[in-house]
Chemist: 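The structure is given below, and queries will be raised subsequently.
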Amino acid sequence: MRTLITSMRVCPLAMCWISLILAAPLLAEEGKEQDKGSKSGAPVSYYKQIRPIFQSSCFGCHQPAQAKGGLVMTSHAGLLKGGESGDPGVVPNHPEQGTLVSQITPVGKEPAEMPKEGAPLSADQVALVRRWVLEGAKDDSPAADAVAFTPERPPHYVAAPVITSVAVSPDGKLLAV
């Protein structure tokens, strides 16, 4: 019996399928939990419902490193501020005044302007974002997700940072660490 167990090999692809089959009920419950706020009278949660939509559809192009249109969607403050147009991205309680809802909403048979790359948001997702704005576009992110360091509050190091490489330009004016 021992030789049978040790000589048996499990195909990695089969293990992936088994994992997916076992995880499917858990994933379905998680999806139901996210939708619970949208179908009940509970307010829409930015952190649990809206932010995941933006993460999957918007953060690729609207992040600090690559803020297309000048819009940074990785923070609640960035959403309120808006982009290059000068118009706010989100105006709490007024979805028609901010640019975000109009950009993600299809008009007639025309697809929505955003996201430009990837699949458009579903009608349920657009309705959820619109409802979140109507409810005041509140940020319910946990305090642990807040930016811990600012120019006024820089990090305090107890040890010197680790330097893995150093390069000096040929003229000696630039140092890359």
Chemist: How many angstroms lie between atom OH of Y47 and atom NE2 of H76, to the nearest 0.5 angstrom?
Modeler: 14.0 Å
Chemist: Could you report the tightest heavy-atom contact between T105 and V126, atom names first, then the distance?
Modeler: OG1-CG1, 3.5 Å
Chemist: Is V133 linked to L80 within one hydrophobic cluster, defined over Ile, Leu, Val, Met, Phe, Trp and Tyr using a side-chain heavy-atom separation of less than 4.5 Å?
Modeler: yes
Chemist: Side chains of S141 and D139: any donor to acceptor distance under 3.5 Å?
Modeler: yes
Chemist: Ignoring hydrogens and angles, tell me if any N or O in the side chain of W132 forms a donor-acceptor pair with the backbone of A127 under 3.5 Å.
Modeler: no
Chemist: Under 4.5 Å between side-chain heavy atoms, counting indirect links through other Ile/Leu/Val/Met/Phe/Trp/Tyr residues: same cluster for V168 and V177 or not?
Modeler: yes
Chemist: Between G78 and S75, what is the shortest heavy-atom contact and its length?
Modeler: N-OG, 3.0 Å
Chemist: For the residue pair A42 and R131, what are the closest heavy atoms and their distance?
Modeler: O-NH2, 2.5 Å
Chemist: CZ of F54 to CD of Q125: how many Å apart, nearest 0.5 Å?
Modeler: 10.0 Å
Chemist: Kindly compute the distance separating OG (S57) from CE (M114), expressed to the nearest 0.5 Å.
Modeler: 12.5 Å
Chemist: When clusters are formed from ILVMFWY side-chain contacts under 4.5 Å, directly or step by step, what else is grouped with V72?
Modeler: none
Chemist: First locate atom SG of C58, then atom NE2 of H62, and finally report the distance between them rounded to the nearest 0.5 Å.
Modeler: 6.5 Å
Chemist: Looking only at heavy atoms, what is the nearest atom pair of P52 and K48, with distance?
Modeler: CG-O, 3.4 Å
Chemist: So which atom in S56 and which in I53 form the shortest heavy-atom distance, rounded to 0.1 Å?
Modeler: OG-O, 3.1 Å
Chemist: Looking at E117 and K68, does any basic side-chain N land under 4.0 Å from a carboxylate oxygen?
Modeler: yes
Chemist: Would a distance-only check, ignoring hydrogens and angles, find a side-chain to backbone donor-acceptor pair under 3.5 Å from D87 to T99?
Modeler: no
Chemist: How does the hydrophobic cluster around L134 look, that is, which other residues are in it when side-chain heavy atoms under 4.5 Å mark a link?
Modeler: none
Chemist: Check whether the side chains of S45 and D140 place a donor and an acceptor atom closer than 3.5 Å, and report yes or no.
Modeler: yes
Chemist: Determine whether M73 and F59 make a side-chain contact, defined as any pair of heavy atoms from C-beta on separated by less than 4.5 Å.
Modeler: yes
Chemist: Between V129 and L100, is there a side-chain heavy-atom distance shorter than 4.5 Å?
Modeler: yes
Chemist: What are the two closest heavy atoms between I50 and L128, and how far apart are they?
Modeler: CD1-O, 3.8 Å
